There are 2 protein chains.
Amino acid sequence: MPPLDYDDHKVSREADIGAPPCRNCDVVREIAFCAELSHDEIKRLATVRCHAHLPASFTVFREGDPADHVYSIAAGAVKLYKLLSDGRRQIIGFLFSGEMFGLGLDNGYAYTAETVTQTQLCRFTHRKLDSLLGDIPKLERKMFSMTVKDLIAAQEQMLLLGRKTAREKVATFLLKLSSRAEMQGLPASPIALPMSRADIADYLGLTIETVSRTFTQLKRDGIIGLPASGYVLLTDDKALRELAEGGGG
Amino acid sequence: MPPLDYDDHKVSREADIGAPPCRNCDVVREIAFCAELSHDEIKRLATVRCHAHLPASFTVFREGDPADHVYSIAAGAVKLYKLLSDGRRQIIGFLFSGEMFGLGLDNGYAYTAETVTQTQLCRFTHRKLDSLLGDIPKLERKMFSMTVKDLIAAQEQMLLLGRKTAREKVATFLLKLSSRAEMQGLPASPIALPMSRADIADYLGLTIETVSRTFTQLKRDGIIGLPASGYVLLTDDKALRELAEGGGG
DNA sequence: CGGTGGCTTGACTCTCCTCAATGTGGGTGG
DNA sequence: CCACCCACATTGAGGAGAGTCAAGCCACCG
């Protein structure tokens with residue numbers, strides 16, 4: 001599908017129209033990088049912010065584009081991926097509300113960002129945000145610690161990609177989604193899989209077929225249930241945990 | 001081998017004995033996170049620093065240990081790795097002089113750090129360093145940008161681990177080492193491989209045998225040369241580059 | 001000189017990929 | 001309301017790339 005232009009969508013400069021910052025998402029405020037800021041600081045942050053509602057499968061930016069914005073997810077889900085010249089794809093992360101992306105070096109974005117579901121983003125101009133960082137130490141501190149968290153998650157994913165079997169990869173993936181849901185105050189067990197099998201495969205370094213086969217295999221073994229498309233039931237949490245750590249067969 | 005205790009080695013608190021900070025390494029000063037600081041700032045940084053000379057294969061810290069220090073490499077090479085319960089290992093990075101490691105969350109270090117060669121480290125108490133960050137904004141900025149760089153490198157490695165073939169993995173690895181050597185002012189072509197085949201395998205998500213076979217195969221194809229153990233000659237840079245990007249067969 | 005550790009090479013195995021067919025659910029239009 | 005379509009998911013058969021197991025090679029070192 002042809003990528004829609006970002007500006008074709010409702011991008012409102014809320015600071016200009018006096019809307020409350022980071023509206024409709026108290027949970028996000030706790031997690032996102034605008035967390036822990038005073039009312040005044042949030043106000044100043046808002047002066048460099050745009051809000052955007054985007055449909056599913058919308059390309060926010062592409063690998064190599066000039067990296068002039070940083071994004072924070074207010075609601076929805078985003079995937080980040082890198083491509084090889086022949087089309088092979090590696091999804092390097094699924095991001096959800098409260099998470100941040102778009103930090104890059106001078107060579108532009110290191111990955112493509114695309115919405116998974118309908119998504120609400122906060123967009124910050126990199127240059128303007130930079131100038132604020134000096135003034136609001138807490139902000140830089142928060143962004144720093146979020147980046148460290150991302151790095152550690154990336155290292156965890158390297159272990160998965162390099163050393164785990166298909167079964168272990170899927171188990172780890174399901175557990176991560178489950179604990180994420182729990183952190184958001186959602187139930188840990190019937191977890192939602194908003195992404196396609198192809199996305200899961202490209203995230204785990206597998207093929208669609210292997211992901212599908214592994215799901216049915218785990219179901220046959222009574223470890224998970226597949227109540228409806230897009231949902232997974234974690235029937236045997238303990239077995240799943242053992243699998244994920246390389247313990248169980 | 002039984003891990004030697006860190007304190008068994010020459011760990012001198014140089015600030016106390018008045019030694020010049022970050023001695024014997026002008027190049028490192030340019031790259032390391034003490035770069036871009038004023039003389040006075042480096043002096044203050046030195047008050048929280050220890051210097052250590054470590055032998056090869058020395059475990060600096062283990063995954064799960066309380067993360068109370070941050071390290072900067074003055075000279076030598078360090079590998080960071082994670083283990084699965086059954087011993088499978090994933091090396092998540094080889095670090096060289098000027099690079100930093102040890103940033104962790106509250107749950108302790110996320111990986112084990114071990115020297116590859118004889119190594120000189122600067123060690124900073126996390127707590128003390130933290131208190132300096134507020135005073136020296138440039139320092140936090142530098143550490144932040146280094147972490148972003150690490151994150152992007154980790155994402156690049158995910159692409160490698162998840163989607164590249166053995167040949168492509170090895171080609172990418174050699175090119176990365178080559179460009180690193182070049183950045184250090186060393187020749188780009190006869191590059192040194194200070195790490196063992198086992199380390200390379202665990203870094204690339206392969207086995208020792210596959211790494212070895214791939215090396216000889218690339219040599220047979222006239223793409224590399226193996227003049228001596230521990231060294232690789234990049235004979236056909238162009239072919240190597242195409243391979244690394246998934247282009248050439 | 002024999003022992004040791006690291007590297008290479010070979011034969012065989014197996015997990016996961018490839019290719020292909022079939023199934024399924026949601027949306028559209030007659 | 002049903003037939004059709006389409007994208008996505010599942011399932012199957014066969015093959016390939018990398019892993020496993022095992023032997024041999026080489027340099028180094030006591």
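All chains are named by letter (A, B, ...) in the order of the sequence lines, taking the proteins before the strands, and each is independently numbered beginning at 1. On a predicted model such as this, the values are computed, not experimentally measured, just so you know. Reckoned from all heavy atoms, side chains included, excluding hydrogens, waters and symmetry mates.
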### Summary
Per-nucleotide protein contact along nucleotides 4-21 of chain C, 5' to 3', at a 4.0 Å heavy-atom cut-off (B base, S sugar-phosphate only, - neither), is ---SBBBB----SSBBB-

Side-chain donor-acceptor pairs of residues 194-203 of chain B under 3.5 Å, sequence neighbours excluded:
unit_1	atom_1	unit_2	atom_2	d
B/Ser196	OG	B/Ala198	N	3.4
B/Ser196	OG	B/Asp199	N	3.2
B/Asp199	OD1	B/Lys79	NZ	3.2
B/Asp199	OD1	B/Arg89	NH2	2.8
B/Asp199	OD2	B/Lys79	NZ	3.0
B/Asp202	OD1	A/Arg163	NH2	2.8
B/Asp202	OD2	B/Arg89	NE	2.6
B/Asp202	OD2	B/Arg89	NH2	2.9
B/Tyr203	OH	B/Lys176	NZ	2.8

Donor-acceptor contacts under 3.5 Å from residues 211-218 of chain B side chains, at least two apart:
unit_1	atom_1	unit_2	atom_2	d
B/Thr214	OG1	B/Thr210	O	2.6
B/Thr216	OG1	B/Ser212	O	3.1
B/Thr216	OG1	B/Arg213	O	2.8

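- Considering CZ of A/Phe94 and CG of A/Leu193, their distance stands at 9.5 Å, rounded to 0.5 Å.
- Residues passing the side chain to side chain contact (heavy atoms under 4.5 Å, CB included) test with B/Ala113, sequence neighbours excluded: B/Val60, B/Phe61, B/Val78, B/Leu80, B/Phe101.
- Remark: side-chain polar atoms of A/Thr119 are not paired, donor with acceptor, to backbone N or O of A/Leu54 under 3.5 angstrom.
- With a heavy-atom cut-off of 4.0 Å to chain A, the contacted part of DNA chain D has its first and last nucleotide at D/dA9 to D/dA13.
- With sequence neighbours left out, the side-chain hydrogen bond (donor to acceptor under 3.5 Å, both in side chains) criterion links A/Arg241 to A/Asp237.
- Of the possible polar contacts, one joining the A/Thr112 side chain to the A/Glu63 backbone as a donor-acceptor pair under 3.5 Å is found.
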